[in-house]
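Report on one structure; see the data block that follows.
Below, chains carry the letters A, B, ... as their sequence lines are ordered, and counting in each starts from 1. Remember, predicted model here, so these are calculated numbers, not experimental data.
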Amino acid sequence: MDDSGKESKFTAVNELAKRRGFFWNSYEIYGGAGGFVTYGPLGTRLKQNIENKLRELFVKQTGIFEMESSAITPGKVFEASGHVDHFKEPMVECVKCNKRFRADHLLEEYAKISSTEAEKMSLNEIHEALEKNGVTCPDCGGTFNAPQQFLTMFVTTIGPYAGATGYGRPEAAQGIFVEFNRLYAMAREKLPFGVIQIGHALRNEISPRQGLIRLREFTIADLEFFFDPEEPQCHLLRQVENETLRILLAENRLKDSEETVELTVKDAVAKRIIRAEWQAFFMAMAKKLLTELGVPAEKQRFIEKLPWEKAHYSSQSFDQEVYVDRWGWVEVSGHAYRTDYDLTCHMKASGADMRVYKEYATPVEKEQLAVKPVMAKLGPAFKKEAGKVAELLSKADPEEVAASLKKNGHYTVGNYRVLPEHVDISLQKTVVRGSRFVPHVVEPSFGSDRLFYVALEYAYRVKDGRVLLSFPRDIAPVQVGVYPLMSKDGLADKANEVRKLLAESGLMVEFDEAGSIGRRYARADEAGIPLGITIDYETLSDGTVTIRDRDSWQQVRSPIKDLPELLHKYFQGKLDFEDLGTLLRV
RNA sequence: GCGGUCUUAGUCUAGUUUGGUUAGGACAUCAGGUUCCCAACCUGACGACCCGGGUUCAAAUCCCGGAGACCGCACCA
């Protein structure tokens, strides 16, 4: 009935992807499993190229570390990080119309119980609160069944004997936080520094129904950037300060407005629209990434998250969104200012000290009272207990000890009565050379599969009734196609030589001799191969070939011997197509 | 999870209302022919009723269960 799906780009892109082996739904022979995809030969390469571009921008250009950790994570980690509490939502179902609601949302709306209060309640308490306040189904007025928790993390057991709970990580970030101390050592104990992890994450979505947009197992690229909150300046900001960002501000969203503001990175920081400089920097880099993946600036925007939309760890969050034909604006990356939330959680839960030491520019001299036990007196006075008394004294507040001795002539610690002669009280100078603090974190987090999808959708073009994937040349899964014009008269042999020459020079080459030349061009266009080299009869006499451009279908002619150098420069973006040889036919 | 619609070769689809011969087509793919640059043409080949159960002499078609897809609701920390 609804045939808008048939016409949508999403359907066309998904069909093409399936047909040409970019990706498809996994486990098809067993009926398929929702939320899992398999990338085929072309897709795997495209995804690698996209992830490498991300590395190029974030790892190479900004000197950020890359790491890799496991997807299965001991329960303690996600208990400490707050995920076990926050990935779980109490839900109720109406007995009459079977509609489902978040119990905490209902309580907030109809019983005036705030979400923070509701969060602390047990399932029974929620049930009671719903009944006591007479909350019924907003749709049909029916009553609710007992609330149930929905945990969207995958749970498993670690080891053969039940006991240790493990979770599939719903994000790669915690893998970085728990290794902070070692990573900080690798950074030679200097802030700021950043660590990125690109890997699989798992979320047991209730209903993943949007192809690559919502998966149960997906690839996430989490970048945690650690900095000193007292020195929040971003020394790389100047590189991007004139880049413009389109932002839909929270204040506008509250007014139900979709109006975006467009301002430079410099202004966004100056006007405190983006509170953390590093966050602004990464948002600019994220825009650059999407632009280089083929998404025009006007199809990108950032939206500021409203207070109740933000993740439990975040102080200020933006989502980077790209306009997708089927669903409108879709999140491709999240930019959260996580403050010191995560490291503090792991410090408390694990007992490990994750603070960093900062040396003051000038050491601070402090004079303070020190209480020093005089063992020569304590020994005879307390005998065997002397050691214990000394220890208690060292823990006591020196000011208090001194005051008590002066006022009362004694000081009581535990059951012991300490006299003035038992201690030496003096003013002591100490030099404080630095302090310890927990670093703050800004986190850009990309969904690799979503980047893949938008790159594919934005590459999708129809030209003269033919489909072509107009990938930016540096992410194309195959770089060059080599075609003998005819499969006879030795053209195929010559073409194979050229293929070999190019492959050995490091290019991703595909050879195709099946069907008419037009058909092969069409096949190549659909796979998004930017350049086609055709070997014709002229090649046999003068050693030149034609090079065809995927997007314009123009051709130039060049000698075979120049190809490796020309093509490498072309793929590095140092040459344009017209520079590759002399133009043929217009 | 709930409700609705749906599932036929690599892809798109006809056929399901009213059960009945060998499930038809297009494109793609492969082999051969033809072809001096944009899905041409000729010959041939390969290839499918989502899974399980039931009703029936007979099931792609009807019934039940399951899986998956799409749409709406809810969910997406």
Side-chain angles (χ1 to χ4, degrees), chain A residues 1-6 8 10-12 14-21 24-36 40 78 81-89 91-94 96-102 104-105 115 119 138-139 148 150-153 170-171 203-211 213-216 305 308-314 317 326 330-331 334 336 447 463-468 483-489 491 514-526 532 534-540 545-546 548-550 553-555 557 584-585:
Chain A
M1 204 170 77
D2 179 14
D3 60 357
S4 66
K6 300 279 174 222
S8 87
F10 175 79
T11 308
N14 277 284
E15 263 165 25
L16 171 62
K18 215 195 276 186
R19 192 155 41 80
R20 293 307 303 259
W24 55 84
N25 193 230
S26 301
Y27 311 114
E28 278 174 335
I29 64 163
Y30 290 106
F36 301 97
F78 287 116
S81 67
H83 284 78
V84 172
D85 287 336
H86 288 88
F87 257 75
K88 192 161 59 178
E89 306 298 348
M91 298 199 49
V92 287
E93 188 173 328
C94 170
K96 209 164 135 199
C97 69
N98 289 327
K99 286 217 168 104
R100 285 166 171 274
F101 302 90
R102 290 258 308 254
D104 52 335
H105 288 182
S115 56
E119 207 161 275
D139 268 38
Q148 285 189 323
F150 277 76
L151 181 70
T152 45
M153 281 196 290
E171 57 167 35
R203 295 182 193 183
N204 204 358
E205 299 281 358
I206 294 169
S207 171
R209 268 195 301 206
Q210 299 167 309
I213 306 296
R214 271 180 76 204
L215 295 171
R216 290 195 167 112
K305 302 295 269 184
W308 56 86
E309 292 174 335
K310 284 185 308 199
H312 58 277
Y313 46 70
S314 174
S317 284
R326 177 67 158 267
V330 164
E331 178 191 348
K463 177 171 167 134
D464 294 357
R466 282 170 29 176
V467 170
L468 53 106
Y483 320 109
L485 187 59
M486 299 290 146
S487 48
K488 57 182 185 186
D489 302 327
L491 290 177
S516 73
I517 190 68
R519 178 185 295 246
R520 283 175 277 164
Y521 288 156
R523 261 200 294 257
D525 289 345
E526 210 183 48
T534 307
I535 281 70
D536 54 23
Y537 288 93
E538 240 176 291
T539 312
L540 297 180
V545 293
T546 64
R548 172 184 176 275
D549 178 45
R550 173 195 64 203
W553 299 355
Q554 285 187 318
Q555 288 183 307
R557 197 155 194 107
L584 306 172
R585 306 180 304 137

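Using a 4.5 Å heavy-atom cutoff, the side chains of A/Arg550 and A/Tyr521 are not in contact. The closest side-chain heavy-atom distance from A/Leu16 to A/Glu526 is below 4.5 Å. Considering only heavy atoms from C-beta on, A/Arg326 stays 4.5 Å or farther from A/Gln210 through its side chain. A heavy-atom distance below 4.5 Å is not found between the side chains of A/Ser81 and A/Glu171.
The side chain of A/Glu205 lies closest to B/C76 when the candidates are B/U11, B/C38, B/C76. In this structure, the nucleotide among B/G3, B/A77, B/C37 sitting nearest to the side chain of A/Thr546 is B/C37. Listed nucleotides: B/A39, B/A77, B/U11. Nearest to the side chain of A/Arg466: B/A39. The side chain of A/Ser487 approaches B/U35 more closely than any other nucleotide in the set B/C38, B/U35, B/A77. When each of B/U35, B/C37, B/C76 is scored by its nearest atom to the side-chain atoms of A/Arg214, the top-ranked nucleotide is B/C76. When distances are taken from the side chain of A/Arg209 to each of B/C76, B/A69, B/G72, the shortest belongs to B/G72. Set against B/C2, B/C38, B/C12, the side chain of A/Glu15 has B/C12 as its closest nucleotide. Of the candidate nucleotides B/A77, B/G10, B/C37, B/C37 has the atom nearest to the side chain of A/Gln555. Of all nucleotides listed (B/U11, B/A39, B/C38), B/U11 comes nearest to the side chain of A/Lys18.
A/Ile517 comes within contact range of the sugar-phosphate backbone alone, with a heavy-atom separation under 4.0 Å but no base atom that close. Among the protein residues, A/Thr152 comes within range of no part of the nucleic acid, since none of its heavy atoms lies under 4.0 Å from any strand. Here A/Glu526 lies in heavy-atom contact (under 4.0 Å) with a base. Using a 4.0 Å heavy-atom distance criterion, A/Arg520 is classed as making no nucleic acid contact.
One P atom belongs to B/U7, the other to B/C50, and the distance between them is 8 Å to the nearest Å. Nucleotides B/C2 and B/C62 place their C1' atoms 26 Å apart, quoted to the nearest Å. B/U5 and B/U18 have their C1' atoms separated by 22 Å, given to the nearest Å. Rounded to the nearest Å, the gap between the C1' atom of B/U56 and that of B/C71 is 36 Å. Comparing the same atom, C1', in B/A28 and in B/U13 gives a spacing of 14 Å after rounding to whole Å. Using C1' as the reference atom, B/G15 and B/A26 are 16 Å apart when rounded to the nearest Å. Rounded to a whole angstrom, the distance from the P atom of B/U16 to that of B/C27 is 24 Å. Between B/A9 and B/A60, the distance separating the two C1' atoms is 14 Å to the nearest Å.
Panel note: side chain A/Arg203, backbone A/Met153; no donor-acceptor pair is recorded below 3.5 Å. Using a distance-only test at 3.5 Å, with no hydrogens or angles considered, no donor-acceptor pair links the side chain of A/Asp549 to the main chain of A/Gln555.
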Chi angles and distances behind the salt bridge (Lys or Arg N to Asp or Glu O under 4.0 Å) call for A/Arg216, A/Glu205: CA-CA 6 Å; A/Arg216 290 195 167 112; A/Glu205 299 281 358; over 6 Å; no

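Between A/Asp525 atom CG and B/C37 atom P there is a gap of 17 Å when expressed in whole angstrom units. With rounding to whole Å, A/Trp24 atom CH2 is found 11 Å from B/U11 atom P. In this entry the distance linking CG of A/Leu16 with C1' of B/G10 reads 13 Å, nearest Å. For the pair A/Asp549 CG and B/C38 C1', the computed distance is 13 Å after rounding to whole Å. We find that CZ of A/Arg216 is positioned 11 Å from C1' of B/G68, with the value rounded to whole Å. The distance between atom CG of A/Asn25 and atom P of B/A67, rounded to the nearest whole Å, is 14 Å. In this structure, A/Leu540 atom CG and B/C36 atom P are separated by 14 Å, rounded to whole Å. With rounding to whole Å, A/Tyr27 atom OH is found 15 Å from B/A67 atom C1'.
By the 6.0 Å contact criterion, OH on A/Tyr537 is enclosed, its count of non-hydrogen atoms from other residues, nucleotides or ligands being greater than 12.
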Restricting to nitrogen or oxygen on both sides, can you table the protein-nucleotides 40-44 of chain B pairs closer than 3.5 Å?
{"residue": "B/A40", "atom": "OP1", "partner": "A/Arg519", "partner atom": "NH2", "Å": "2.9"}
{"residue": "B/A40", "atom": "OP2", "partner": "A/Ser516", "partner atom": "OG", "Å": "3.2"}

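Across the interface with RNA chain B, nearest-nucleotide mapping of A/Ile29 and A/Gly211 shows A/Ile29 to be the residue nearer the 5′ end. Each of A/Ala514 and A/Ile535 has a nearest nucleotide on RNA chain B; the 5'-most of these lies closest to A/Ala514.
The base of B/C37 has none of its N or O atoms less than 3.5 Å from a complementary donor or acceptor on the side chain of A/Arg548. A donor and an acceptor atom never sit less than 3.5 Å apart when one is taken from the side chain of A/Tyr483 and the other from the base of B/C37. At a cut-off of 3.5 angstrom, counting only N and O atoms as typed in the model, there is a donor on one side and an acceptor on the other between the side-chain of A/Asp536 and the base of B/C37.
Between the OH atom of A/Tyr483 and the OG1 atom of A/Thr546 there is a distance of 10.5 Å, given to the nearest 0.5 Å. For the atom pair CG of A/Leu485 and CG of A/Leu491, the computed distance is 6.5 Å after rounding to the nearest 0.5 Å.
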For RNA chain B, the dot-bracket pattern of Watson-Crick and G-U pairs whose distances stay under 3.5 Å, | for other-strand partners: (((((((..((((......[...)))).(((((.......)))))....(((((..]....))))))))))))....

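In terms of the side-chain contact (heavy atoms from CB on, under 4.5 Å) criterion, residue partners of A/Ala336 (sequence neighbours excluded) are, by chain and number, A/Tyr313, A/Ser314, A/Ser317, A/Arg338, A/Glu443.
Taking the ring axis of A/Trp24 as reference, the NZ or CZ atom of A/Arg19 does not stay both within 45° of it and closer than 6.0 Å to the ring centre.
Partner of A/Arg557 under the side-chain contact (heavy atoms from CB on, under 4.5 Å) criterion, out of A/Thr534, A/Val545, A/Asp536: A/Asp536 alone.
A sub-4.0 Å separation between OP1 or OP2 of B/C38 and a side-chain N or O of A/Lys463 is absent.
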